[in-house]
Every structure is written in structure tokens, then in C-alpha cells.
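Below is one structure; the comments refer to it alone.
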Protein chains: 2
Amino acid sequence: MRENGGGSRDAGERREQMLRAALDVIVERGYADTRIADVAEHTGTSPALVIYYFKTRDQLLTEAIRYSEDTWYAEYVQRIEQIPTAAGRLAELIAMNCLPGTDPEPNSYWLLWLDLWALSPRNAGVAAVRAKSDERWRETIRSIVLSGQEAGEFAPVDADDFTITLSALLDGLAVQIALEDPAVPPQRTYDLAMRFASGQLGFDAKPVPKRARKRGS
Amino acid sequence: MRENGGGSRDAGERREQMLRAALDVIVERGYADTRIADVAEHTGTSPALVIYYFKTRDQLLTEAIRYSEDTWYAEYVQRIEQIPTAAGRLAELIAMNCLPGTDPEPNSYWLLWLDLWALSPRNAGVAAVRAKSDERWRETIRSIVLSGQEAGEFAPVDADDFTITLSALLDGLAVQIALEDPAVPPQRTYDLAMRFASGQLGFDAKPVPKRARKRGS
DNA sequence: GCTTCTAGACTGAATGTTCAGTCAACTTTC
DNA sequence: GAAAGTTGACTGAACATTCAGTCTAGAAGC
């Protein structure tokens, strides 16, 4: 049936294909209702093959979430690295958290976070992914703040306090974005987060953000 | 087998008993893994009886979550009503969001919120509960701000902006509390939220909060 | 005796996972 | 360089279990 009956097929490629399919399904139906049959269908294969690559459903889904988080972070790093000012980097970070790109499925990351949080209390693997992701994110904010203060761009507030507060604020706004609360449209979350950050750190809130074009320059 | 084989038993009492049992189970195992049999066991009855009272599992669980949100809000109202100053009311509101009581299961509400958020995108009933709860909560904050400004306690910031920002901040902090992130202990979330609020509204952050004793003055 | 409760046995549909074996490519052996 | 052997990707058909929801019958109250 396959044009490539057996034997070949790049190994890791299949895995990634399945991880991406799993993410699609999780976003569409939620973690709990994601069946391995769905993932198989999305990849044009059989359930048996899915567990051939991932021993269990849970491993597949956990790995998919980790994959997503890593991808997201990598994209952030890529976007940020040529921005010279700390204020600019912070603005980009906030934009990534608040402004959904015009992507295939727009709210994917946000929805994923909701599942990630809800799963963490009872799923050690998922909890580990979240803990790492959260820590990485906070460290990122912290280092922007410190570098901005060193450069004299930012006021000398306590970096840890600011970091925790901003990341919590962004998480909370992410909930509103994911749930598409009509009272809190994405652009507004960006404005509010920026106002908070610029107010605390004492820099001028830049004009409008140039909207995110996904990967590719 | 039951000392009360059939017949009597206050009607609504059984329902509430089941709702509370459902909440216990949801907190313990998560919404997705909450089975009718668990709820039956917690109430010392049979699965069939649970279905007798709630037509479907989904109805039971949705109603349980609504029940929890209403209870939580009612408790807030009760605590707040004799506090004279707007600053005091705001502090109590923040305390309720940030400081887990020394209750039976400490983090129950927070964990419930995570499930509530994760469920909302794909479950209309749950989404309605959340929307209402969120709206009610924001309206509460807004009215505290407005009354505080009228009384001259608070600076004349934009009430809507402040409300959305604070409620998002509290949601984000709730995630950290629910997940028991070691970097963000509950007391710290309270301090940070209070610092934000007092900074924005320009009132003195009161000393330590008298810790929450649950219901009963 | 009619209504309200209640339990136990049961059913039907999913659905994760296993398993035996197929199929093509590569490697070894002669 | 071909036959024989080996390996890794892959599948279809079972298997086993889990669970929401039903059905029947019986007990309690009016």
C-alpha cells in the first residue's frame, strides 16, 4: 500500500511527523481525548505503528508537548537574537506571548498550555516539561532585565520580583487569549503587559509592534 | 445493606453530597479521570444512583464545577462584606486568590481552575461556567476600585485596565500556586500581587494579612 | 398502589496494547 | 553475483479492559 513498502523511511522523520500530528490532535480535541488512532490517521498509518515508535500513548503525548515547548522556545531565541536593545527584546517576548500569529491553527500554543497546566499535577512527565519550560522562560526574562539595567535602559527594580510578576501576568493573559474572552482581545493583552513592563522598568513603551511573521527571517 | 434502604433521604441533600464527592474526585484524579463509580463510592452509593440524579456524567461534573465556583464566590462575599475600606477588601480578595487555607485539601480551587480552563475550549457547559465566574470576578474587582476611588483611597487609574491586569496576574499566580512551584511560594504571590495593586492604586500595602480561617466568621 | 429511591447485574462501545507475521532493503557467504 | 540470512519498518486482527449508561426488581414512604 505504501509506495515505500518496508525497510527504509527516515527513522526520526516518522517520529517527528507523528509528534506534529499528535500536537494537531491535542489542540483540536484536547489531551484527554486524543486517541492514538487519531494520530495514526493524521499520519496515514496504523495505531500499531504509532506505538511501535512510542511505547505508550502517554509517552507519545508527553513527548509531543515537550517538542512543542522546545519549538516555541527555539523560535523565540531565533527572533530575539538580533534585537539590540533590552526593551526591544522584552517587547518581542511579550508580543510572542500575547499576539497569536496568523498561523495554521492560531491559538495552538495557548491551548496547549492550558492542557499542560491541567495535566501537571498528576503526570510527572508533563510536570517535568512544564517546570523546565517555566524555568527557562523566567530565566530569559530575568536576563533581559539584568542586561537592560546594566545598559542603563531599565530602572533598578528587583529583577526576581519583576520576573515572577511578569511571567505570571503573561500566563494569566494567555488564559484569556486561549479562551478568546471577548472582554480581553489579544492586542489589549499586549498593550497591558507592555504598560506594566514599561511602567515598572521605566522605559518608553514603543509604538506598535511589527507583527510576527513566523519562521523565515 | 444501607441502613436506609430506599425511599426517604432529603432529595437535594443527596445531590449536594454527590456534587461535593465529585469535586473531591476531580481534585484528586482530574476531570478526565473522574469516573461515575468513584463518585458513587465516595457517597457510599451505586453508579446507577448517580446517573439517576444527574442524567449524564458530563452534567454531573459540569454542575460540580459550577457548584464549586458559586461556593467560592459566596465565601468571598461573606468575608468581604464587613470590611470597611476598599484597600482592605482588595487585600482580602488577593489573599483569597493567593493564600491557600489550611483546609481539607488545600489546593482544591486552584487545581479546579486548571481543569476548568483546559476544558473550556471544547466543552460549552464548562465554558459558560468559566465565563460567568470570570466576569463576576472582574466586576468585583472593578467595583472595589471604583468605590476606592470615590472614597479617595485610590489613585484615578483606569478601572478597566487595572481590573483586567490584576485578574490576569492573579490567574497566573494561581497557576504557580496550584503547581506548587518552589520558586513561587504562596506568601510570595500574595506579596507580589499586593505590591502591584498598591503601587498602581497608590495606597499603603498593609502589614501581614490575618490568615484565612474558613467559613464561620 | 403509586411514586420516589436504590442496588446489582448487565451491555455496548471504545480504545490502548499485543502479536504474529509481511515486505523490502541490506549484508553475508559462497 | 546470486542465494541465504538478517534486520527494521510496518500491518491487521485480536485481546483485554474500562466505563457510561440501561434494565429490572425491590424497599420506603405517602
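Each chain gets a letter, A, B and so on, in the order its sequence line appears, and its residues count up from 1.
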To the nearest Å, how far apart are [X] [atom1] and [N] [atom2]?
X       : N      : atom1 : atom2 : answer
B:Leu49 : D:dC23 : CG    : P     : 17 Å
A:Tyr53 : D:dG8  : OH    : P     : 12 Å
A:Lys55 : C:dT18 : NZ    : P     : 8 Å
B:Asp33 : D:dT17 : CG    : P     : 19 Å
A:Phe54 : D:dC10 : CZ    : P     : 12 Å
A:Glu13 : D:dG8  : CD    : P     : 19 Å
A:Met18 : D:dC10 : CE    : C1'   : 9 Å
A:Arg15 : D:dA9  : CZ    : P     : 11 Å

**Request:** Please work out whether the ring planes of B:Tyr73 and B:Trp137 are parallel, tilted or perpendicular, with thresholds of 30° and 60°.
**Result:**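 Correct class here is perpendicular.
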**Asked** How about B:Trp72 and B:Tyr67: do any of their side-chain heavy atoms sit closer than 4.5 Å?
**Response** no
In terms of side-chain heavy atoms of [X], which of [options] is nearest?
X       : options                : result
B:Arg35 : D:dA20, C:dT15, D:dC10 : D:dA20
B:Arg57 : D:dG21, C:dT17, C:dA7  : D:dG21
B:Ser46 : C:dA7, D:dC10, C:dG16  : C:dA7

**Request:** Select base, sugar-phosphate, or nothing to describe what B:Ile36 touches, counting heavy atoms under 4.0 Å on all strands.
**Result:**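 Sugar-phosphate, backbone atoms only, no base.
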**Message:** Below the 4.0 Å mark, does D:dC10 have OP1 or OP2 next to a side-chain nitrogen or oxygen of A:Arg14?
**Reply:** yes
**Request:** Ignoring backbone atoms, establish whether A:Tyr52 has a side-chain N or O less than 4.0 Å from OP1 or OP2 of D:dC10.
**Result:** no
**Asked** Is there a donor-acceptor pair under 3.5 Å between the side chain of B:Arg89 and the backbone N or O of B:Pro84?
**Response**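 Looks like yes, one N/O pair under 3.5 Å.
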**Prompt:** Does a side-chain N-to-carboxylate-O contact under 4.0 Å join B:Asp181 and A:Arg138?
**Reply:** yes
